[in-house]
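The first residue of the sequence shown is numbered 1, and numbering continues consecutively from there.
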Amino acid sequence: MPSPTRLQCPDLHDLSSPPVVGDLCPGYRVARWDSPADLAPDCRERLHHILRDLAARAFAADHSGYWRNRVGSGFFDQISTLALILGPDGVPVGWGGYHRHRFASRRALYLDAAGVVPAHRRFGLSAALMARFLTREVLAHPLSPTYVVLRTRHPAVYSAWRDGLGRHRVHPHRERPLPARVRRLAGDAAAWLGDGPRLDPDTLLVRDAYRMFDGDIYGVRPHSGDERLDAYFDREIGPKDALLVVARVSAPALVRILAGRALARRSTGRPPTGGRPRAATRDGGLRPSVPTGAGAGGLIPGGRP
């Protein structure tokens, strides 16, 4: 069983609700809270400062106002699971979390904000954390699909989910109309987020989704390396806009993806980190990743900011 103790970071000592700690990938561990609402006010404030500082480093922009508003609006009471990625020295180097919800009467996970600081991005940490989240939640309900919902304005985040899960499982898809169920689910999610009137039901673009930010979201405008996709994001998605992404994940599909990634990494001599799905190329390799601060879920404010 993972240990809830042995935390080296002083800011994580003596918390009223200690996290469960386990290995994430070689050299890194994850500290996970499955009931963040149990944290006492002073402990919440400590984690608030950690999240604020990590976000500033991950996105090269000041997000202090955003995090102050999130925490003041009940962030720790709303989020279902919160996790910190701990580096080799035990200091947090990234974070992520999600909300369990039902949209259009379907089980769903809404991915909250996620990121990794620049010095630790090349190790697939956000990918491994997202795999951990999906494995816990999707495999707990193997007989029916789980929908993953996120907001992002980062083209690499959208591309990774689409390429990894398969384009037919990830929406929106510019070449195909939205299925009715996805349209209803997206509408419910947007209403829950307070974005209902700003959602385009055909494209799933959310105008002014990041209105809670005083300044820039990213220090540098994000790109994926896919010229067509980057051009679409540059042309259609403004500085404070987002794309609402809906992905359908089943237990068999998730098992195939994780097994394929493990085999691909083993064949290239890389340690298995699990994680954000990335499609195999025709020669059996992996599509090159694009380093970002956004994590597997991108910058996804979540939970009625």
Could you check Arg44 against Asp42 for salt bridge (Lys or Arg N to Asp or Glu O under 4.0 Å), going step by step and ending with a plain yes or no? CA-CA 5 Å; Arg44 297 183 183 201; Asp42 62 316; over 6 Å; no

Leu229 and Leu165: same hydrophobic cluster, using ILVMFWY side-chain contacts below 4.5 Å? yes

Give me the ring orientation class for His101 and Phe103: parallel if the planes are under 30° apart, tilted from 30 to 60°, perpendicular past 60°. tilted

I'd like to know if the side chain of Trp161 reaches the main chain of Arg169, judged simply by a donor and an acceptor atom lying under 3.5 Å from each other, with no hydrogens or angles considered. no

Any carboxylate oxygen within less than 4.0 angstrom of a Lys/Arg side-chain nitrogen, looking at Arg183 and Asp188? no

Verify, without hydrogens or angle tests, whether Asp23 (side chain) and Cys25 (backbone) share a donor-acceptor contact under 3.5 angstrom. no

Kindly confirm or rule out a cation-pi arrangement of Arg174 over Tyr232, judged by NZ or CZ under 6.0 Å from the six-membered ring centre and within 45° of its axis? yes

Nearest 0.5 angstrom please: Arg151 CZ to Asp112 CG, how far? 9.5 Å

Within one Ile-Leu-Val-Met-Phe-Trp-Tyr cluster: Val21 and Val91, side-chain cutoff 4.5 Å: no

Note, Leu109 side chain near Arg100 side chain (heavy atom, < 4.5 Å): yes

As a test of understanding, state which of Asp241, Asp200, Asp195 forms a salt bridge (Lys or Arg N to Asp or Glu O under 4.0 Å) with Arg207. Asp241

Of all the heavy-atom pairs spanning Tyr98 and Leu111, show the shortest one and how long it is. CB-CD2, 4.0 Å

Side-chain donor-acceptor pair present, His49, Asp11, cut-off under 3.5 Å: no

Any side-chain donor-acceptor pair under 3.5 Å between Arg107 and Ser144? yes

Nearest 0.5 Å please: distance from the CD1 atom of Ile85 over to the CG atom of Leu54. 9.0 Å

Does Lys240 form a side chain to side chain contact (heavy atoms under 4.5 Å, CB included) with Arg153? I'd like the steps, not just the answer. CA-CA 8 Å; Lys240 297 292 177 71; Arg153 64 178 304 270; over 6 Å; no

In terms of heavy-atom contacts, Cys43 and Ser16 come closest through SG-N, 3.3 Å

Shortest non-hydrogen contact from Gly164 toward Ile257: O-CD1, 3.6 Å

Is there a donor-acceptor contact under 3.5 Å from the side chain of His223 to the main chain of Gly225? no

Say whether, by atom type as modelled, one donor and one acceptor occur between the side chain of Arg106 and the main chain of Tyr147 under 3.5 angstrom. no

Intermediate values then yes/no, salt bridge (Lys or Arg N to Asp or Glu O under 4.0 Å), Arg136 and Asp34: CA-CA 11 Å; Arg136 293 183 72 233; Asp34 291 324; 3.4 Å; yes

Donor-acceptor pair, Gln78 side chain versus Ser73 backbone, under 3.5 Å? yes

Whether the side chain of Arg121 engages the backbone of Ala58 through a donor-acceptor N/O pair (distance < 3.5 Å, no angle test) should be reported. yes

Test side chain to side chain contact (heavy atoms under 4.5 Å, CB included) on Arg162 and Val245; report intermediate values, then the result. CA-CA 10 Å; Arg162 183 183 61 176; Val245 180; over 6 Å; no

Is the distance between the ring centroids of Phe233 and His154 under 6.0 Å? no

Which atoms form the tightest heavy-atom contact between Leu125 and Leu24, and what is the distance? O-CD2, 4.1 Å

To the nearest 0.5 Å, how far apart are CZ in Phe59 and OH in Tyr66? 8.5 Å

Answer whether the closest heavy-atom distance between the side chains of Leu244 and Thr152 falls below 4.5 Å. no

Of all heavy-atom pairs linking Pro36 and Ser80, the shortest is CD-O, 3.5 Å

If only atom types and distance count, is the side chain of Arg122 paired as donor or acceptor with the main-chain N or O of Pro118 below 3.5 Å? no

Between CG of Asp89 and SG of Cys9, what distance do you get to the nearest 0.5 Å? 9.0 Å

Leu243 CG to Leu204 CG distance, which is reported to the nearest 0.5 Å: 6.5 Å

For Asp14, I'd like to know if atom CG has over 12 heavy atoms of other residues, nucleotides or ligands within 6.0 Å. no

Leu185 side, atom CG; Arg102 side, atom CZ - distance, nearest 0.5 Å: 10.0 Å

With a 4.5 Å cut-off on side-chain heavy atoms, are Leu47 and Trp33 touching? yes

Evaluate whether atom CZ of Arg248 has more than 12 neighbouring non-hydrogen atoms of other residues, nucleotides or ligands under 6.0 angstrom away. no

Salt-bridged, Arg52 to Asp62, with N to O below 4.0 Å? no

Closest non-hydrogen atom pair, His48 against Phe76: N-CZ, 4.1 Å

Decide yes or no for Val93 and Leu84: does some side-chain heavy atom of the first lie under 4.5 Å from some side-chain heavy atom of the second? no

Report the C-alpha separation of Phe123 and Tyr28 in whole Å, then their side-chain angles, then the decisive distance to 0.1 Å, and conclude whether the ring-ring contact (aromatic ring centres under 6.0 Å, His included) test is met. CA-CA 10 Å; Phe123 303 114; Tyr28 293 86; 5.7 Å; yes

Ignoring hydrogens and angles, state whether a donor on the side chain of Ser224 or Asp230 is under 3.5 Å from an acceptor on the partner side chain. yes

Would the Tyr110 and Trp192 ring centres measure less than 6.0 Å apart? yes

Any side-chain heavy-atom pair of Leu82 and Arg32 under 4.5 Å: no

Within the structure provided, determine whether Leu205 and Glu236 are in side-chain contact (heavy-atom separation under 4.5 Å). yes

For residues Thr146 and Leu134, determine if any side-chain heavy atom of one lies less than 4.5 Å from a side-chain heavy atom of the other. no

Check whether any side-chain heavy atom of Leu7 lies under 4.5 Å from a side-chain heavy atom of Leu86, and answer yes or no. yes

